[in-house]
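Scroll down for the structure; my scribbles are underneath it.
Just so it is clear: chains get the letters A, B, ... in the order the sequence lines come, proteins before strands, and each one is counted from 1.
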Amino acid sequence: MSRMSTDAPRYRFAPSPTGYFHVGGARTALYNWILAVRQGGTFVLRIEDTDESRNQPQWTQGIIDALAWLGINSDDPHFEGPFFQSANAAEHVRAAEQLFASGHAYYCDLTSEQIQERAKESGRTGYDGYSRDRGLGPDEGRVLRFRVPEGHTIVRDLVRGDVDFDNSTIEDFVLLRGNGTPVFLLANVVDDILMNITHVVRAEEHLPNTPKQQMLWDALGKKPPQWAHVPVLVNEQRKKLSKRRDKVAVEQYREEGILADAMRNYLMTLGWAPAGDTEIVPWETIVESFRLEDVNHSPAFFDIKKLQAFNGEYIRLMPLEEFIAQAEAILTSPNVPWPADRYRSDMFRTMAPLVQTRVAVMAEVVPMVDFLFLAEPPIDEQSFTKTFSAESAVTTLNDIAAAFESIEWAAERIKVAVEAVGERHGIKLGKMQAPLRVAVTGRTVGPPLFEPIELLGRDETLRRIRSAISRASK
RNA sequence: GCCCCCAUCGUCUAGUGGCCUAGGACACCACCCUUUCAAGGUGGCGGCACGGGUUCGAAUCCCGUUGGGGGUGCCA
């Protein structure tokens with residue numbers, strides 16, 4: 001945690017501890033990180049919750065891990081934190097008292113029922129400023145409210161330009177609750193001031209609250225930070241992504257085998273695009289060229305299909321050795337369907353180049369090669385019925401088995417043998433290999449067939465063929 | 001209700017008054033390649049929400065309409 005020069009920008013990233021890391025948050029984190037690093041400034045991580053009890057250590061760790069996965073490392077000199085909003089409660093209260101002392105805030109003893117009552121009578125909504133000049137002091141059950149000044153508040157936004165708010169449309173909002181605890185809005189501003197935050201880059205949903213925060217900065221005698229409100233991420237219904245209906249956890253994509261490079265590259269194309277006709281570009285290029293001013297103003301749909309397409313592209317871009325290393329991490333993990341001692345690294349190495357062009361997500365390598373390591377690969381019922389309903393299936397399979405008895409056991413020879421049987425029956429190779437494939441792998445689709453057959457060995461291959469034949473005759 | 005934001009192919013975007021007969025990517029379709037499936041190659045489908053201005057000229061500027069989203073708590 002190094003100290004940067006005093007005028008270096010400080011970008012704060014403030015996720016709330018919710019037990020998972022939201023993809024929208026990930027994108028915002030990336031924006032903050034790119035800018036902070038490029039400007040020689042600091043990325044400040046602050047875990048955002050005024051309620052201490054919600055700050056679960058494992059959640060904080062989850063956020064830090066997810067950030068690290070995306071290349072935002074907590075041991076980087078540009079990284080500061082994590083800090084906890086809840087740790088500053090005393091400062092938040094002190095600021096509130098200062099605001100009261102300076103006349104920027106006042107106490108109010110109205111309950112929410114009374115406020116509603118008054119609103120109904122006057123035909124207006126919200127709090128009407130009833131206690132503004134009643135000169136109330138602090139007491140149990142009284143809230144401290146901010147005295148919203150007359151005039152307008154202009155929010156200068158790096159993404160959207162100037163946004164003008166008429167202060168008369170903003171009611172005197174609460175700073176301290178009846179029990180004396182500070183509300184989020186106040187806590188936020190005080191923390192930002194305490195941490196010398198210069199740039200606040202966050203999701204658009206916070207824009208309507210920004211004038212309130214800016215008034216607080218002013219009232220506290222500080223110069224507000226540079227605001228930047230980036231569009232939210234939405235689902236196919238164009239609603240803000242939410243944990244309940246949508247798949248939003250970064251961790252989940254990571255578990256499925258989405259590559260960090262693909263994820264961050266894809267995330268960056270939401271609301272922004274690198275120059276030129278290619279969207280898949282090296283991270284360095286993105287870091288060099290990203291500008292907040294170029295960020296789109298409209299919400300973007302988080303398209304998992306496109307993410308997967310990016311991921312497939314990144315998988316194919318990987319050097320073979322790296323692909324093997326990443327795949328083996330999955331193939332040797334405990335949740336794989338075969339016993340650990342049946343895994344054969346040499347076999348996978350042979351298959352790896354064939355698999356690499358066929359997966360979009362790393363987790364897909366498992367169903368691609370499982371039949372090599374399973375003693376008895378399950379046979380897909382539908383594939384079996386469909387393939388073996390053909391008259392020729394069993395007869396050709398018998399011929400193939402006969403041929404396999406004596407040929408030299410090499411992929412190329414195996415292919416020739418199967419082709420020869422096909423010629424005799426007047427069936428093309430494509431159709432010929434279908435029953436063979438089902439017999440050996442249990443499915444109708446998969447990687448090229450003859451290499452794995454060689455790997456499996458003559459005995460095991462014949463065993464599986466005969467087993468399929470007898471199954472067909474039942 | 002009030003306030004704020006937004007509006008280019010189905011989706012993500014390029015476009016900042018003439019380079020636009022609107023470019024790319026994902027998805028989709030067709031063909032080629034091919035050992036199934038992919039990958040790769042070639043081609044195709046498909047868009048400036050609407051109405052008014054401003055201008056010699058508008059996807060680009062202005063106004064309005066419509067549509068979407070967000071905010072409006074003694075939640076964060």
Side-chain angles (χ1 to χ4, degrees), chain A residues 14-18 48-51 54 85 108 110-112 115 123-127 141-145 155 157 159-160 163-166 168-171 173-185 187-188 203-212 229 231-232 234 236-240 266 269-280 294 296-310 312-313 315-316 354-360 364 368 383 387 415 418-419 422 428-434 436-438 441 443-451:
Chain A
S16 42
T18 42
E48 206 84 332
D49 206 311
T50 54
D51 184 348
R54 277 195 290 261
Q85 180 164 67
C108 173
L110 252 43
T111 63
S112 42
I115 291 170
R124 303 165 133 263
T125 50
Y127 177 69
R142 289 181 182 172
V143 299
L144 184 69
R145 286 184 181 274
V155 172
D157 191 286
V159 171
R160 283 151 211 280
V163 184
D164 188 333
F165 294 86
D166 184 342
S168 67
T169 64
I170 303 171
E171 65 181 48
F173 52 95
V174 170
L175 261 20
L176 252 30
R177 302 187 183 96
N179 63 7
T181 57
V183 302
F184 168 79
L185 196 78
N188 228 313
E204 185 196 356
E205 57 200 281
H206 296 287
L207 184 55
N209 279 323
T210 307
K212 295 181 189 170
H229 289 90
V232 291
V234 297
E236 47 277 90
Q237 278 94 241
R238 304 250 112 213
K239 299 247 193 278
K240 194 170 73 168
Y266 174 65
T269 66
L270 260 24
W272 180 81
D277 279 346
T278 348
E279 288 180 315
I280 304 221
D294 296 335
N296 250 234
H297 296 185
S298 46
F301 168 56
F302 187 85
D303 186 351
I304 295 172
K305 271 194 169 171
K306 188 159 180 179
L307 202 215
Q308 290 186 337
F310 269 49
E313 193 97 353
I315 286 176
R316 276 167 255 131
L354 305 176
V355 174
Q356 192 172 5
T357 56
R358 268 163 258 259
V359 293
E364 289 170 2
M368 208 58 94
S383 304
T387 314
K415 180 187 175 191
V418 175
E419 267 173 329
K428 287 232 176 71
L429 184 55
K431 206 171 169 208
M432 267 305 292
Q433 51 100 53
L436 213 211
R437 179 181 289 281
V438 172
T441 73
R443 304 188 186 90
T444 48
V445 299
L449 232 204
F450 306 116
E451 288 79 1

Using the [atom1] atoms only, state how far [M] lies from [N], rounded to an integer number of Å.
N      : M      : atom1 : answer
B:rA76 : B:rU13 : C1'   : 32 Å
B:rU34 : B:rU42 : C1'   : 16 Å
B:rC31 : B:rC37 : P     : 13 Å

Without decimals, in angstroms, what is the distance between [X] [atom1] and [N] [atom2]?
X      : N      : atom1 : atom2 : answer
A:N188 : B:rA76 : CG    : C1'   : 9 Å
A:Q433 : B:rU34 : CD    : C1'   : 11 Å
A:Q356 : B:rC37 : CD    : C1'   : 16 Å

Please classify the nucleic acid contact of [X] as base, sugar-phosphate, or nothing, using heavy-atom distances under 4.0 Å.
X      : result
A:R443 : nothing
A:E48  : sugar-phosphate
A:A273 : sugar-phosphate
A:E451 : base

Ignoring backbone atoms, test whether [X] places a side-chain nitrogen or oxygen under 4.0 Å from the OP1 or OP2 oxygen of [N].
X      : N      : result
A:R238 : B:rC12 : yes
A:N296 : B:rU8  : no
A:T50  : B:rA76 : yes

So if I take every side-chain heavy atom of [X] and compare against [options], which nucleotide ends up nearest?
X      : options                : result
A:R437 : B:rA76, B:rU36, B:rC12 : B:rU36
A:K240 : B:rA27, B:rU8, B:rG70  : B:rG70
A:R177 : B:rC75, B:rC3, B:rC12  : B:rC75

Worksheet item: Within the modelled atom types, does a donor on one side and an acceptor on the other bring the side chain of A:K306 and the base of B:rA27 under 3.5 Å apart?
Response: no

Look for any protein N or O under 3.5 Å of an N or O in nucleotides 40-51 of chain B and output each such pair with its distance, or none.
residue: B:rG40; atom: OP1; partner: A:R316; partner atom: NH1; Å: 3.3

Opposite nucleotide pairing with [N], Watson-Crick or G-U, both atom distances under 3.5 Å:
N      : result
B:rC28 : B:rG44
B:rG1  : B:rU72
B:rA7  : B:rU66
B:rA14 : none

